[in-house]
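Let me begin by presenting the structure, written as structure tokens, before commenting on it.
Here the structure is a predicted model, which means the values were calculated and not measured. Each chain gets a letter, A, B and so on, in the order its sequence line appears, and its residues count up from 1. The analysis underlying the following values was restricted to heavy atoms, covering all of them including side chains, and did not include hydrogens, waters or symmetry mates.
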2 protein chains.
Amino acid sequence: MARPPADPDRRRERAHRVLDAAAELILRWGYDKTTIADVARAAGVAKGTIYLHWKTRELLFAALLRRERVATLEEVRRAAPGTLRELVGAVAAEVMRRPLMRAVLLADTDVLGKLTTMKRERPSDPGQAEALNRMLGALRKHGAIRPDLTDAEHVSVLTSVVFGFLTAARLTPEPYRVPPERLAELLADTAHRALEAGREPSPRDARAIAEAVSAYVGHVAGVAGRKLESALEGQLP
Amino acid sequence: MARPPADPDRRRERAHRVLDAAAELILRWGYDKTTIADVARAAGVAKGTIYLHWKTRELLFAALLRRERVATLEEVRRAAPGTLRELVGAVAAEVMRRPLMRAVLLADTDVLGKLTTMKRERPSDPGQAEALNRMLGALRKHGAIRPDLTDAEHVSVLTSVVFGFLTAARLTPEPYRVPPERLAELLADTAHRALEAGREPSPRDARAIAEAVSAYVGHVAGVAGRKLESALEGQLP
DNA sequence: CTTTGACCAAATAAGCGTATTCGGTCAAGA
DNA sequence: TCTTGACCGAATACGCTTATTTGGTCAAAG
């Protein structure tokens, strides 16, 4: 829209305040029952103000989800994972303490309501897949992951395991329940044992591996961050 | 009900024919939209005849699900798994080719409709948990599973992984898809690496382990089989 | 004795007009 | 220039009546 700014900083702060309100409301009532008026009231602005940031309700929530994604990825980046295990562990720990991120990953219709389908319809960025393949290639080359599995198999196992641990947290019968932090460790450990090669890599390989993981996280976080910037200005992708 | 039999064998055969029809219809239309009249027509009997077997619609479908469970477990028993890995592999392979069993395990509301909640409400037999604990205890004692994990952690990891692989089959992005049989292998392999101890057990231990696994499967299949018998006669548990 | 299908009450769906809510706009005011 | 909230049309929710379907029964037929 190229809305003429107030003070850019204050404008940005206000956008975040609105998103904070939206985040709380969507978790409490779900997308379908969260109205713009509600969000405006909770954020302490007028309804019209929200439309100065985003042209539609949908764009507002798109920005919210992108922000959540970026926050998650930034935390992961901060953890500076240097192996697949550490990467999975960092992602798991972060996602488990972020109900909104979890809702998105699990396509929780209670929270996402009609957004659920839209999200799924949107084809994931081919660049993301490419970055993933690049990391897998590097990990394979430097002996970090099992050579007897194809890329498709690695991805299948990884998504299955991650998805399973995230869902099963609420699904496991009572007496066997395990606290989320411990679950994150177990998830990382499972991914490690299922996918990583047994042998210790040489220091040289270890450095290359850490580099590949870091580059992957950096790339994904970078793309997400850039998308967030436009989303905060009301634009779509 | 203690319904006086026709010829018991023919009676039993007819019950199975009705369940066959019900199985096909519930998968095609879901529980909510599958009527007794439909089932009767598809099975080639009159509606009243169905009520000679089961007092209510719910009992009919309870019998159907029990039968599916028994069929699955019998196949697993036939595979004669002697390790945790083989057990998981057999279960996975069998469940993956049984859409109804999968729907039950995943609580698929499209298929199970209003049955979904009922199933979940029903507290699982404490005997089942006890049998599972018994097997875990034996596996632990004979060094088959990792001693650094608690029972709760073993169960959490196992359910997470199984659940994840079963769901993620339909969830993994297109280019990475892997055929179900291969997925079952990968699932077994993942459970193996995540939960089983690294060292080869002694022949003596291996025998005890196989015995524990076999006893577990035998117990579960046995209980399920007995429940099926009464379910086929229209009784509840 | 066994099986059937017409039959009934209860639940569910369909129709429909009304009331309310909500996303989005914009003239007025700060 | 930026913010607001009254305002509008569209969509959704609601209430209510009617029509259809469906689980379950049972007298009659086989």
Side-chain angles (χ1 to χ4, degrees), chain A residues 1-19 21-22 25-26 28-64 113-115 117-118 232-236, chain B residues 1-19 21-22 25-26 28-64 109 113-115 117-118 233-236:
Chain A
M1 277 215 303
R3 205 83 334 269
D7 173 26
D9 277 355
R10 292 185 61 79
R11 185 178 162 76
R12 197 183 164 80
E13 179 272 333
R14 189 176 59 184
H16 280 293
R17 199 146 40 80
V18 171
L19 293 184
L25 291 172
I26 198 181
R28 209 191 231 351
W29 304 108
Y31 173 79
D32 290 347
K33 301 210 168 303
T34 300
T35 73
I36 295 285
D38 289 339
V39 175
R41 193 172 332 119
V45 300
K47 200 162 63 140
T49 306
I50 289 186
Y51 285 92
L52 296 176
H53 289 269
W54 300 279
K55 275 206 300 287
T56 69
R57 177 172 109 113
E58 217 180 288
L59 286 173
L60 187 167
F61 284 95
L64 172 62
K114 295 176 182 168
L115 279 182
T117 10
M118 302 192 210
L232 284 178
E233 297 302 323
Q235 249 82 40
L236 193 64
Chain B
M1 277 213 301
R3 202 105 305 285
D7 173 27
D9 277 355
R10 292 185 62 79
R11 185 178 163 76
R12 198 183 163 80
E13 179 272 334
R14 188 175 61 185
H16 279 293
R17 199 145 40 80
V18 171
L19 293 184
L25 291 172
I26 198 181
R28 208 189 230 353
W29 305 108
Y31 173 78
D32 290 348
K33 301 210 168 303
T34 300
T35 73
I36 295 285
D38 289 339
V39 175
R41 194 173 331 118
V45 300
K47 199 161 63 141
T49 305
I50 289 186
Y51 285 91
L52 295 177
H53 288 269
W54 300 278
K55 276 206 299 288
T56 70
R57 178 172 109 111
E58 216 180 290
L59 285 173
L60 187 167
F61 284 95
L64 172 61
T109 51
K114 295 178 181 165
L115 278 183
T117 10
M118 302 191 211
E233 296 302 324
Q235 248 81 41
L236 192 64

D/dT3 phosphate, OP1 or OP2, under 4.0 Å from A/Thr49 side-chain N/O: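 No.
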
Non-neighbouring partners of A/Thr56 that pass side-chain contact (heavy atoms from CB on, under 4.5 Å), sequence neighbours left out: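 Scan of A/Thr56 (side-chain contact (heavy atoms from CB on, under 4.5 Å), adjacent residues dropped) gives A/Glu58, A/Leu59.
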
Could you give the [atom1]-to-[atom2] distance, from [X] to [N], as a whole number of Å?
X: B/Trp54; N: D/dT25; atom1: CH2; atom2: P; value: 16 Å
X: B/Arg12; N: C/dT2; atom1: CZ; atom2: P; value: 18 Å
X: B/His53; N: C/dT3; atom1: NE2; atom2: P; value: 7 Å

Listed partners of A/Arg12 passing salt bridge (charged side-chain N to carboxylate O under 4.0 Å, His left out), at least two apart: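 Testing A/Arg12 for salt bridge (charged side-chain N to carboxylate O under 4.0 Å, His left out), a comparison that skips the adjacent residues, returns A/Glu229.
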
Quiz item: cation-pi between B/Arg57 and B/Tyr51, 6.0 Å / 45°: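 B/Arg57 over B/Tyr51 ring: no.
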
For residues 38-47 of chain B, please give each side-chain donor-acceptor pair under 3.5 Å, one per line with the distance, not counting sequence neighbours.
from    : atom 1 : to      : atom 2 : distance (Å)
B/Asp38 : OD1    : B/Thr35 : OG1    : 3.4
B/Asp38 : OD2    : B/Thr35 : N      : 3.4
B/Asp38 : OD2    : B/Thr35 : OG1    : 3.1

For B/Glu13, all residues meeting side-chain hydrogen bond (donor to acceptor under 3.5 Å, both in side chains), sequence neighbours excluded: B/Arg17

A/His53 and A/Arg11, any side-chain heavy atoms less than 4.5 Å apart: yes

Minimum side-chain heavy-atom gap A/Val18-A/Thr49 below 4.5 Å: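 Side chain of A/Val18 against side chain of A/Thr49, heavy atoms only: no contact under 4.5 Å found.
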
Terminal axes of the helix from C/dC1-D/dG30 to C/dA30-D/dT1 (five pairs each): angle between them, nearest 10 degrees: 30°

Pairwise distance CZ(B/Phe61) to CD1(B/Ile36) - rounded to 0.5 angstrom: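 Taking CZ in B/Phe61 and CD1 in B/Ile36, the distance rounds to 6.0 Å.
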
Protein-to-nucleotide contact annotation, 5' to 3' order, nucleotides 20-27 of chain C [B base; S sugar-phosphate only; - none; under 4.0 Å, heavy atom]: --SBBB--

